[in-house]
Trainee: 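I'd like to ask you about the structure that follows.
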Amino acid sequence: MAETECPVEEIRDAQLARKSFTINDLEPNIRAAFPKLQAFNAVQQAVAKTVLQTDDSIVVNAPTGSGKTVILELAMLKLATQAGDAPFRIVYIAPTRSLCAEKFQDWKERFTPRGITCIQFDGDNLVEDVSKLSNHRLILSTPEKWEMFTRHWHDQSVTSVLRPIRLFLIDEIQVLNDSDRGANLELVLSRMKYIDARLRREDSSGEPWSMRFIAVSACIPNVDDIARWLSGGRNVVPYTFDETNRTTRIERHVLGFPFVSNPYKFELNLNYKLPAIIEQYSTNKPTLVFCTSRKSVESTARYLARSAMKRIVPAGPVLHELADNLANRNLQECVTKGVAYHHAGLLHNDRNQIERHFRAGHLAVLCCTSTLCMGVNLPAYLVIVKSTFNHAGKDYTDNYVLQMIGRAGRAEFSEDGVAVILTTDANASRYKKIVTETVPIESQLHHKLPELLNSEIAHGIIYNQPAVMEWIKSTFFYVRAQTNPTHYQLTEGRLVEEEIEKLCNDTIESLEAYELIVKQRSNAIVPSVCGRLMARNQLSFQTMKLLQQDMKGRESLDEMLMLITRAHEFDDFKCRQGEKKILNTLNGPTISASFYDGGDDLSGGIRFRWPRRISTTGAKVYCLVQAVFGNLTINDHGMHQEAAKIVTLGGRIARFIVGLLAANRDQFADGCFRALVSVTTLLQCFQTKLWEDSSFLTKQLGQIGPRLARYLAERGKVTFQAVRNSDPREIECILKKQPPFGNDIISYVSGLPEFKIELKKTVEHPAGFTCTLVQTNMDYDPEISVNFSVLVGDSSNRVLLHLENCTIESIPVMGCTWPLTVKEPTTIESLSARLICHEWCGLDCSHTLWLGERPITVKHRQTAITNFFPNTSANESSSGGRVEKIALPTALDPVDDILECFKRHRVFMADRLTLPDPPETQTQPLTNRKCKNFDLGSAADVFCSDDE
């Protein structure tokens, strides 16, 4: 793992290297893979000899559009030719899934006939069996996905995939400078260096080999630093090419404008400048406008579509045909004017259609988010960076701006480009300097050092105190800290290595203080249960501290959900201005404007309402999670995608909390049974995307989505038993399906398990109590996998039994019985047992055993009127029992209708006497009734008879 200084060959003059290699020097089988490539450009000529005639690792810094992808392809084909029938594997890492998908489609078609089979392993398609990777020669992945995979490097099946890796390709390595994702990429590459050192072996010829790294980027001036970092005993050749080596030239302009109240207002005002700028610089050629957010992308496109800006659009029905094929209505309107927008919130088909037509030149202007600069290749003649602030109101990094303007110029048409940066007057001079000079990229590892150290300790890469320093020396952070210590707040007066060692020791002490690691004798460091859980579920150190400090052990379902949504992982899901209306609609009426509480059956809102208007990140996450669980419609595709990501993150956090409570349950003075039940129930909700008592449980069945599940729920099919007892033709009638659809549904539901859990007081066991679990469905289909947890606790909140990841196969035919040890049973009122399934809702069961006389509780039906008092929240009102929600009539309604409404919902006055049924023949004139005015806020007066 220790870094060794490698001989570094520097090639600064591309002119000198041009004569070294040409496309005619390629072997015929390699040349055939490039049918459209007529000749190498200057960059490719300079690098091709090193790629094809040596096994040296390479770092290339060359402008956008200079053909760096060809360098990666040459390396892959060279390895495939060299290896022959011997096993080998290639890994390609790119920052975005869209870039992986683009390369996958291209390389799958071109390289599969040449023996390089491809598989995409980046989150879009979940590879359930790791062995599938072993059947492919080229794996395309994102850093996040590959980090999760390699953390199990010591597992035999994972090792079988990693061992044959001979070539590791990194596209857009400048992501190291990204504050959010840079640390993860740095961890992946440092770990691959370590794994390579551990798995390195001698080949059949007896000569040692090592993994070859090839990294490319358009904006990394400090290639020497990256070369030193990647060395580790291998020779690394850095290449740097300036803008003169671009296939196309870029004309750069920086325009400054007065700054107004805030970054968002400033960016909005730039809309009015765009038409004139596009007309001046585009010469009626394709234009790409980078905007700060999805909302800005859409608003900018709509404004340009409505403007009188001159633009060339294709003749004929091309744009109208494109609009007809799009699902997004706003996008349809823009497209007919020759303007479109592109962001991750669009449907996949819509994005593909826009990309294809923009490449074809059918669209004059494409507005997009800044992430597209590292994603799909959409070159344009004119690139406009509309504001240098990102979505959070902070300045873009210098290299990010360079990446955006690098999209200008269309090499396939041998066409130069123009880049225009719109910024504030104060920043204009800075960006004029940036476009002529490049700034070295820096490491971001120190910002996530606790998480990364804990992860490497949990996975056995760091095992003692010396190994901590050995690992840190294998990172890019160590290389840059020696070159630029002030950037990392390291004192220049002392030895930098001592400062770094102190930083690592302080971090290790923090991990030990929060019981994530345990120090043993001989400087050994081992992970604790909590540390393993944190690494396995990829939790941030801040979230882990929050959960440890704020967890009380008595959290109810809504309190646990609130705690989870406060996690640091959700900080990126900002509450945008245009989303607040939709979110507040989902949240339902606020307490001050409504007379009902609790659930969402009549109001259509979420189950646990946010007490105020939604305007923060935490409130947005709290609302979206419940909208998913409640099968509610989210009328915004972007938020719908965010909700899916939030639910995935929430599941990870809930899984961590379950493990945390199970491992530390003895440390809670007041017990943790209630919290354990709450979080296990929420984990089920995150897995099934439904509430545990949802009426839409049929959504879990194949071929039944949210809409059909709602139809079934409206007809009373709210339990699996109700579905079993249904006639198949009735199911088909409700869903408007043809036979034998109903038979298939009922047959499948009949194969689901049915559980019964029971607590007993017995003298046969010394403990005095037992818990018995039985699966009672004799028609159970064993092909249906059901995992569940069994929890037993007492009324004092102590956990008596907790079993995780149980399966039906572990339950004998006659059932399974566990003895329970109850301390001081005379002080315990009751015992409670719960079975909670992990991937299914609607199969849970529970039982309560009262040790004394069961208390008699009288539930008073609370009128909705009391909910007008400000000291009663919606959630508190529903905690004691479900309150029926009614719609109060107004004073303008007929009096008999008002009486009928009150009678139907059995609303009564302070003495809680139900309204009597008036005789059918008796009618009371309005003059015989008096008006009693209650403080109903916005509600009208309520009329009651004298008899009441």
Trainee: Restricting to non-hydrogen atoms, name the atom on I472 and the atom on C504 that form the minimum distance, rounded to 0.1 Å.
Mentor: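 In terms of heavy atoms, the two residues are closest at CG1-SG, 3.9 Å.
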
Trainee: Answer with yes or no whether the side chains of K386 and T300 bring together a donor and an acceptor at under 3.5 Å.
Mentor: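 A pair is found: one side chain offers a donor N or O, the other an acceptor, under 3.5 Å apart.
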
Trainee: When you look at NE2 of H487, are more than 12 heavy atoms from neighbouring residues, nucleotides or ligands closer to it than 6.0 Å?
Mentor: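 Result for NE2/H487: enclosed.
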
Trainee: Nearest heavy-atom pair of I116 and L77: which atoms, and what distance?
Mentor: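 That closest heavy-atom pairing would be CD1-CD2, 4.2 Å.
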
Trainee: State plainly whether the residues E456 and R191 are in salt-bridge range, i.e. N to O under 4.0 Å.
Mentor: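 A salt bridge links E456 with R191.
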
Trainee: Side-chain contact, heavy-atom cut-off 4.5 Å: S293 with T369?
Mentor: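 Not in contact.
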
Trainee: Kindly indicate, with the supporting measurements, whether the criterion side chain to side chain contact (heavy atoms under 4.5 Å, CB included) is fulfilled by F213 and V59.
Mentor: CA-CA 8 Å; F213 290 94; V59 182; over 6 Å; no

Trainee: Is there a side-chain contact between F149 and L162 (heavy atoms, below 4.5 Å)?
Mentor: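 Yes; the side chains approach each other to less than 4.5 Å.
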
Trainee: Checking side-chain polar atoms at under 3.5 Å, does E251 have a donor or acceptor matched by the opposite partner on H253?
Mentor: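 Side-chain D/A pair, E251 to H253: present.
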
Trainee: Apply ring pair (Phe, Tyr, Trp, His ring centres under 6.0 Å) to residues W153 and Y194 and explain how you reach the verdict.
Mentor: CA-CA 10 Å; W153 66 273; Y194 173 80; 5.7 Å; yes

Trainee: If you take all heavy atoms of P95 and P143, which pair is closest and at what distance?
Mentor: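 Where P95 meets P143 most closely, the heavy atoms are CA-CD, 4.2 Å.
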
Trainee: Hey, is D56 close enough to R234 for a salt bridge, meaning N to O under 4.0 Å?
Mentor: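 Salt bridge between D56 and R234, a charged N being under 4.0 Å from a carboxylate O: no.
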
Trainee: Distance under 6.0 Å and angle within 45° of the ring axis: does R110 meet both against F34?
Mentor: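 That pair qualifies as a cation-pi contact.
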
Trainee: For side chain to side chain donor-acceptor pair (under 3.5 Å), just list the numbers for Q444 and D178, CA-CA rounded to whole Å, side-chain angles, deciding distance to a tenth of an Å, and then say yes or no.
Mentor: CA-CA 7 Å; Q444 303 297 322; D178 187 89; over 6 Å; no

Trainee: For the residue pair L138 and F104, establish whether any side-chain heavy-atom pair is separated by less than 4.5 Å.
Mentor: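 A side-chain contact is absent here, since even the closest heavy-atom pair is not under 4.5 Å.
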
Trainee: Are any side-chain N or O atoms of Q641 and backbone N or O atoms of A344, one a donor and one an acceptor, separated by less than 3.5 Å?
Mentor: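 Yes, Q641 side chain to A344 backbone: donor-acceptor pair under 3.5 Å.
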
Trainee: State, yes or no, whether a side-chain contact exists between V297 and H342 at a heavy-atom distance under 4.5 Å.
Mentor: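 Not touching, per the 4.5 Å side-chain cut-off.
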
Trainee: Does the ring of F121 carry K145 above it, NZ/CZ under 6.0 angstrom from centre and within 45° of its axis?
Mentor: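 Flagged: K145 positioned over aromatic ring of F121.
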
Trainee: When the ring centroid of F389 is compared with that of Y396, is the distance short of 6.0 Å?
Mentor: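 Ring centroids of F389 and Y396 are no less than 6.0 Å from each other.
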
Trainee: Tell me, do I71 and V60 make a side-chain contact under 4.5 Å, heavy atoms counted?
Mentor: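 The answer is yes, as the side chains (C-beta and beyond) meet within the 4.5 Å cut-off.
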
Trainee: Do you know the tightest heavy-atom contact between S190 and S474?
Mentor: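 In terms of heavy atoms, the two residues are closest at OG-O, 3.2 Å.
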
Trainee: Mind running side chain to side chain donor-acceptor pair (under 3.5 Å) on Y488 and E499 for me, showing each step along the way?
Mentor: CA-CA 10 Å; Y488 303 95; E499 288 283 313; over 6 Å; no

Trainee: State whether a side-chain donor-acceptor pair under 3.5 Å links N41 with S66.
Mentor: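 There is no such pair between these side chains.
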
Trainee: Just checking, is any N or O donor in the side chain of K448 or S540 under 3.5 Å from an acceptor N or O on the other one?
Mentor: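 Their side chains do not contain a donor-acceptor pair, so the 3.5 Å distance test is not met.
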
Trainee: Assess whether side chain to side chain contact (heavy atoms under 4.5 Å, CB included) is satisfied between F88 and L167, documenting all intermediate values.
Mentor: CA-CA 8 Å; F88 71 91; L167 180 61; over 6 Å; no

Trainee: Examine the side chains of Q538 and E144 and answer whether a donor and an acceptor come within less than 3.5 Å of each other.
Mentor: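 Short answer, no.
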
Trainee: If you look at every heavy atom in I173 and I441, which pair is closest and at what distance?
Mentor: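 Heavy-atom minimum between the residues: O-CD1, 4.3 Å.
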
Trainee: Going through the checks in order, is the side chain to side chain donor-acceptor pair (under 3.5 Å) test met by K103 and T69?
Mentor: CA-CA 10 Å; K103 300 300 183 188; T69 301; 3.2 Å; yes

Trainee: What is the minimum heavy-atom distance between S443 and E186, and which atoms define it?
Mentor: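 Minimum heavy-atom contact is OG-OE1, 2.6 Å.
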
Trainee: Below 4.0 angstrom, N of the basic side chain to O of the carboxylate: do R163 and D196 qualify?
Mentor: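 No, this pair does not count.
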
Trainee: Is it the case that T50 and Y239 place a side-chain donor and acceptor less than 3.5 Å from each other?
Mentor: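 Yes.
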
Trainee: Determine whether Y341 and L346 make a side-chain contact, defined as any pair of heavy atoms from C-beta on separated by less than 4.5 Å.
Mentor: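 SC-SC contact between Y341 and L346 confirmed.
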
Trainee: If we count only N and O atoms by modelled type, under 3.5 Å, do the side chains of T486 and N484 hold a donor and an acceptor together?
Mentor: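 Judged by distance alone, the side chains do pair up.
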
Trainee: Among side-chain atoms of E267 and S296, is any donor-acceptor pair under 3.5 angstrom?
Mentor: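 Note: E267 and S296 side chains meet the donor-acceptor criterion.
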
Trainee: Does some side-chain heavy atom of V237 sit less than 4.5 Å from a side-chain heavy atom of T54?
Mentor: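 No, side chains not in contact.
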
Trainee: With the threshold set at 4.0 Å, does a side-chain nitrogen-carboxylate oxygen contact exist between E27 and R31?
Mentor: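 No, no charged N to carboxylate O under 4.0 Å.
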
Trainee: Could you go through the side chain to side chain donor-acceptor pair (under 3.5 Å) check for T81 and N29 one step at a time?
Mentor: CA-CA 8 Å; T81 304; N29 61 327; 3.2 Å; yes

Trainee: My understanding is that only one of V254, I277, V383 makes a side-chain contact (heavy atoms from CB on, under 4.5 Å) with V420; could you say which?
Mentor: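 Of the listed residues V254, I277, V383, the side-chain contact (heavy atoms from CB on, under 4.5 Å) partner of V420 is I277.
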
Trainee: Is the gap between the ring centers of W107 and Y92 under 6.0 Å?
Mentor: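 Yes, they do, as the ring centres are separated by less than 6.0 Å.
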
